[in-house]
Amino acid sequence: MHRPSRRHLTVATALLASTTAVVAFTSGAGATDTRQQAENAIQGGKAKNVILLIGDGMGDSEITLARDYTVGANGRLNMDRFPLTGAYTTYSVHADGTPDYVTDSAASGSGWATGVKTVNGRISKTPGSDKAVRTILELAQRNGYATGSVTTAELTDATPAVLASHVTDRSCQGPADMAKCSKDAIAAGGPGSIAEQSVNHKVDVLFGGGKQRFDQKVTDGRYKGLTVTEQAKKLGYQVVTDSASMKGAKAGKPVLGLFAPGNVPVEWTGKPAAVGGTDAQRCVTSNPARPSGTPSLADSATKAIQLLEAKQKHSKKGFFLQIEGASIDKQDHAADPCGQIGETAAFDRAVKVARDYAAKHPDTLVVTTADHGHSSQIVPLEATPPGLSSTLVTNEGQRLKVNYSTNTPGQSQEHTGTEVRIAAQGPLAYRVLGVTNQTDLFTTVREALRLK
């Protein structure tokens with residue numbers, strides 16, 4: 001049995017004392033963490049499994065907006081119930097290594113995937129020399145762990161791409177999209193597009209959108225003339241396209257789930273923010289543009305865990321799984337508060353899936369965080385923002401005004417350079433406490449799984 005080091009015991013003792021005090025003083029405000037939960041969280045040791053949940057663009061404002069609307073100002077989301085919470089910085093770097101204070105999803109994801117900061121737009125490669133850096137998923141595979149990636153974006157979008165591909169520019173998603181990645185092309189001796197690399201890595205579970213990228217034909221190499229989907233089948237993948245076929249997927253062979261041509265359609269709709277505001281609105285919680293057979297993020301997460309666990313049934317090694325709620329960010333860019341809140345709520349249900357699994361498997365490290373902050377701000381009802389705003393009627397029956405002013409109206413709203421929340425439970429969860437760097441998450445996962 002593993003015994004925590006003297007350092008871990010000292011850290012745990014100190015943190016437990018402070019956490020117990022916090023619990024004692026906040027219990028009347030709705031805190032749900034007990035002393036035992038804190039003790040379980042503040043531990044060293046080894047994790048058998050890691051579930052990493054990424055709310056893309058999910059800064060504190062986005063979390064607060066979803067909380068206020070869905071469960072009330074004094075309510076708590078599933079992601080609020082982790083026993084340990086900290087913050088981490090998100091900046092990327094320029095080619096010379098100097099800080100770039102506002103990151104994009106490619107650079108931020110590369111940070112936790114590789115432990116190395118890079119330039120905006122680059123996928124798991126160095127900032128100056130443009131060299132591939134081994135990712136946490138690649139290390140997990142090499143050490144005998146099952147691996148998975150679940151997203152509501154295209155599977156070739158930046159956040160899932162950082163795990164199983166290395167390209168100079170995030171736009172190089174399929175074989176026909178390689179204009180900015182000439183040296184990464186198969187014809188140049190490179191590994192190919194993000195789609196090709198993802199299936200070549202034989203990640204055990206790939207669930208998301210982006211069928212249009214996998215329908216592109218491979219232009220060079222062993223699979224020339226085949227679509228990437230056909231390449232995946234040659235590599236042994238089961239290909240599923242909706243809830244029914246996903247539920248029917250069997251363990252033992254890798255599974256590629258392509259649930260939409262592009263990004264998976266959002267769950268909620270409503271009026272986007274406008275100059276001068278909108279009439280007070282309630283969000284529509286069933287998007288007519290979302291096909292009925294589209295699996296929710298929570299359902300995809302549940303199936304992914306089942307497949308990964310089944311594969312490792314007779315192994316001492318578990319799995320690494322990343323789950324992304326991608327369109328929190330995309331709806332923030334569009335200044336669409338209802339779409340954004342609905343995607344945050346959907347992500348929060350996936351958080352519950354992960355925490356419920358960890359409750360039965362306490363050797364699972366669960367981490368939830370974001371890649372960067374975004375533009376939505378809750379402002380007073382009497383405020384008259386110069387940009388886009390919308391007034392919502394929350395589930396409490398109260399009015400709430402949300403403002404988007406990080407770019408000129410009509411332009412895509414921008415990321416912000418703020419630090420973002422990171423929360424965790426399970427082995428080595430204490431490492432998220434305080435203010436850390438995004439790249440520290442790579443080290444936390446690597447050490448939790450004891451990856452060599």
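All residue numbers refer to positions in the sequence shown, counting from 1. The figures here come from the full heavy-atom set of this structure, side chains too, leaving out hydrogens, waters and symmetry mates. Predicted model only: the values in this text are computed from it and were never measured.
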Derivation and outcome, side chain to side chain contact (heavy atoms under 4.5 Å, CB included), residues Thr85 and Ile422: CA-CA 6 Å; Thr85 301; Ile422 181 169; over 6 Å; no
Checking salt bridge (charged side-chain N to carboxylate O under 4.0 Å, His left out) for the pair Glu230/Lys217: CA distance, chi angles, key distance, verdict? CA-CA 9 Å; Glu230 291 169 335; Lys217 288 190 175 181; over 6 Å; no
Let me see the working for Lys48 and Glu309 under salt bridge (charged side-chain N to carboxylate O under 4.0 Å, His left out), right down to the final yes or no. CA-CA 11 Å; Lys48 183 174 183 181; Glu309 185 179 46; over 6 Å; no
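Side-chain atoms of His372 and Ser105 form a donor-acceptor pair, as typed in the model, at a separation below 3.5 Å. In this structure, a donor-acceptor pair under 3.5 Å is present between the side chains of Asp177 and Gln216. For the residue pair Tyr91 / Gln438, no side-chain donor-acceptor distance below 3.5 Å is found, with atom types taken as modelled. A donor atom on one side chain and an acceptor atom on the other are not found under 3.5 Å apart for Asn407 and Gln413. Side-chain contact check for Gln173 and Thr156: at least one donor-acceptor pair (N or O, by modelled atom type) lies under 3.5 Å. In this model, no donor atom of one side chain and acceptor atom of the other lie less than 3.5 Å apart for Glu414 and His333.
Residue pairs meeting the salt bridge (Lys or Arg N to Asp or Glu O under 4.0 Å) criterion with at least one partner in residues 109-127, sequence neighbours excluded, are Arg122-Asp130, Lys125-Asp130, Lys125-Asp184.
Within 6.0 Å of NZ on Lys180 lie no more than 12 heavy atoms contributed by other residues, nucleotides or ligands. Atom CZ of Arg399 is surrounded by 12 or fewer heavy atoms from other residues, nucleotides or ligands within 6.0 Å. By the 6.0 Å contact criterion, CG on Asp96 is enclosed, its count of non-hydrogen atoms from other residues, nucleotides or ligands being greater than 12.
Looking at heavy atoms from C-beta onward, Glu196 lies in side-chain contact with Val218 at the 4.5 angstrom threshold. With a 4.5 Å cut-off on side-chain heavy atoms, Ile341 and Leu392 count as touching. In this structure, Leu139 and Phe442 have side chains that are in contact, with non-hydrogen atoms separated by less than 4.5 Å.
A distance-only check finds a donor-acceptor pair linking the side chain of Ser124 to the backbone of Val162 [under 3.5 Å]. Here the side chain of Lys211 pairs no donor or acceptor atom with the backbone of Pro261 at under 3.5 angstrom. In this structure, Thr64 contributes its side chain and Asp60 its backbone to a donor-acceptor pair below 3.5 Å. In this structure, the side chain of Gln212 does not engage the main chain of Glu154 through any donor-acceptor pair within 3.5 Å. Checked by atom type and distance alone, the side chain of Ser315 pairs as donor or acceptor with a backbone atom of Lys317 at under 3.5 Å. One N or O on the side chain of Gln197 and one on the backbone of Gly192 form a donor-acceptor pair closer than 3.5 Å. With Asn78 contributing its side chain and Val351 its backbone, the two residues share no donor-acceptor pair below 3.5 Å. Within the 3.5 Å criterion, the main-chain N or O of Thr391 finds a donor-acceptor partner in the side chain of Thr278. Thr126 places a side-chain N or O within donor-acceptor distance of the main-chain N or O of Lys131, the cut-off being under 3.5 Å. Between the side chain of Asn120 and the main chain of Asp104, a donor-acceptor pair closer than 3.5 Å is present.
For Arg431 and Asp440, the salt-bridge test fails: no basic side-chain N is under 4.0 Å from an acidic carboxylate O. The pair Asp157-Arg170 counts as a salt bridge, with a side-chain nitrogen and a carboxylate oxygen less than 4.0 angstrom apart.
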